[in-house]
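Since the structure comes first, as structure tokens, the remarks are kept for the end.
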Amino acid sequence: MKILMTGITGFIGHHLGERLVRDGHEVFAIVRPTSKIDELSENLRRNVRFYVYDGENTVLDILEDLCVEGNRPDVVYHLAADVMAAHQFDDIKFLIQSNITFGTELLDAMTANNVFNFVNTGTFAQHFEDAEYSPVNLYAATKECFESIIKFYEEAHGLRCIALHLFDTYGPDDKRGKILGLLKKISESGENLKMSPGGQLIDIVYIDDVVSAFVAAGEYLAANRYDYCETYGVSSLNPIPLREVVKIFEEVAGKKLSIEWGGRPYRKREVMVPWKNFKTLPGWAPKINLREGIGKFLEAKS
């Protein structure tokens, strides 16, 4: 297939790109001028064709060029986003540009060029306290706003979308400062880490399982399985308390970590019990449990 991606320089996008190239697909990627393409693997730099989205080269220009060249995408994977747990006033413009405006331009350019298969990336943070919609933060609110815009393009222009709402993710080469990265850091340095009381449930999915969900979604769309066009949670199916996550990490690493439980309070709108009322993408299930995944994570080179 011919596949167009956004967000290929992110953690999940990088791994998805590697899988798509390995599977023999032709991969094209839209990147920002500031995107760190040089930090991608040699495999991706050699096998992916990059298009820079800037003030002069619009998303519409990029889609038109692809189609004129005979490279009309069979599926578009949209992973690009500006992610933040809490925002400052100066972040608002960039959040809206990244998470709403850019995606809307992409949808408009797609439908104008008869490209209709779209895999969108959402977040469990759109579902505070298991609500159908209750955003944990402004980032989650912008993701929900964009999904409302997707609805318009579905109904007015024939767009076909599968939306994957991700829980926490982890794996090799993860530089995002997530919980397992912090635990690995203090296991190596011996420093103390202040944490919340640790009672919140963590639903964390290994990157290979996340990538498999994206691949399956794209394959369904390419096969015209439009009866699958709805929203799905990409979950471990086994959320456990943060304290238990740390315990498993210590057992796999063979080290006792220096953690001050209760050293910081729970965040405002801390997710204590993650979204439960979700559907799982047909044919997909996580295969790598947390203990196995932590082992892979620790074995990977930093």
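The basis for the numbers below is simple: all heavy atoms, side chains too, and nothing from hydrogens, waters or symmetry mates. If you're wondering where the values come from, they're calculated on a predicted model, not measured in any experiment.
- Cluster membership for Leu66 and Ile3, using ILVMFWY side-chain heavy atoms within less than 4.5 angstrom, is not shared.
- The closest side-chain heavy-atom distance from Leu4 to Ile30 is below 4.5 Å.
- To the nearest 0.5 Å, atom OG1 of residue Thr121 and atom CD1 of residue Ile12 are 7.0 Å apart.
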Under the salt bridge (charged side-chain N to carboxylate O under 4.0 Å, His left out) criterion, do Glu230 and Lys279 qualify, and how do the steps go?
CA-CA 9 Å; Glu230 55 182 299; Lys279 295 181 180 179; 2.9 Å; yes
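- Between the side chains of Gln200 and Ser196, at least one donor-acceptor pair of N or O atoms lies under 3.5 Å.
- Between Tyr53 and Phe102, the ring center distance clears the sub-6.0 Å criterion.
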Please walk me through it: do Lys36 and Asp38 pass salt bridge (charged side-chain N to carboxylate O under 4.0 Å, His left out)?
CA-CA 5 Å; Lys36 298 179 180 179; Asp38 59 328; over 6 Å; no
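- In this model, no donor atom of one side chain and acceptor atom of the other lie less than 3.5 Å apart for Thr9 and Glu39.
- Counting only N and O atoms by type, the side chains of Tyr77 and Asn120 include no donor and acceptor under 3.5 Å apart.
- Counted within 6.0 Å of CD on Glu132, heavy atoms from surrounding residues, nucleotides or ligands total 12 or fewer; the atom is thus considered open.
- Considering only heavy atoms from C-beta on, Trp284 comes within 4.5 Å of Thr280 through its side chain.
- A cation-pi arrangement, defined by a distance under 6.0 Å to the six-membered ring centre and an angle within 45 degrees of its axis, is present between Arg269 and Phe128.
- Counting heavy-atom neighbours within 6.0 Å of Glu56 CD, excluding the residue itself, gives a total of 12 or less.
- Phe167 pairs with exactly one of Tyr206, Phe278, Tyr232 by the ring pair (Phe, Tyr, Trp, His ring centres under 6.0 Å) rule, that one being Phe278.
- In this structure, CG in Leu63 is found 9.0 Å from OG1 in Thr111, a value given to the nearest 0.5 Å.
- Remark: side-chain polar atoms of Tyr266 are not paired, donor with acceptor, to backbone N or O of Met272 under 3.5 angstrom.
- Residue Arg267 qualifies as open at atom CZ: its count of foreign heavy atoms under 6.0 Å is 12 or below.
- Atom CD of Gln88 has 12 or fewer neighbouring heavy atoms from other residues, nucleotides or ligands inside a 6.0 Å radius.
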Arg291/Glu251 under salt bridge (charged side-chain N to carboxylate O under 4.0 Å, His left out): CA gap, chis, key distance, verdict:
CA-CA 9 Å; Arg291 188 175 296 275; Glu251 290 171 355; 2.9 Å; yes
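- Taken to the nearest 0.5 Å, the CG atom of Leu166 stands 10.0 Å off from the CZ atom of Phe124.
- In this model, no donor atom of one side chain and acceptor atom of the other lie less than 3.5 Å apart for Thr123 and His165.
- For the pair Val75 and Ala222, the tightest heavy-atom approach, listed with the atom from each and the gap, is CG2-CB, 4.2 Å.
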Checking side chain to side chain contact (heavy atoms under 4.5 Å, CB included) for the pair Glu191/Ser258: CA distance, chi angles, key distance, verdict?
CA-CA 7 Å; Glu191 64 188 285; Ser258 178; over 6 Å; no
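- Taking the ring centre of Phe28 as origin, the terminal cationic atom of Lys2 falls outside the region bounded by 6.0 Å and 45° from the ring axis.
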Give the intermediate values and the outcome of ring-ring contact (aromatic ring centres under 6.0 Å, His included) for residues Phe152 and His157.
CA-CA 8 Å; Phe152 163 72; His157 296 284; 5.5 Å; yes
Under the side chain to side chain contact (heavy atoms under 4.5 Å, CB included) rule, what do Ile259 and Leu183 come out as? Steps first, then yes or no, please.
CA-CA 9 Å; Ile259 292 179; Leu183 296 182; 4.0 Å; yes
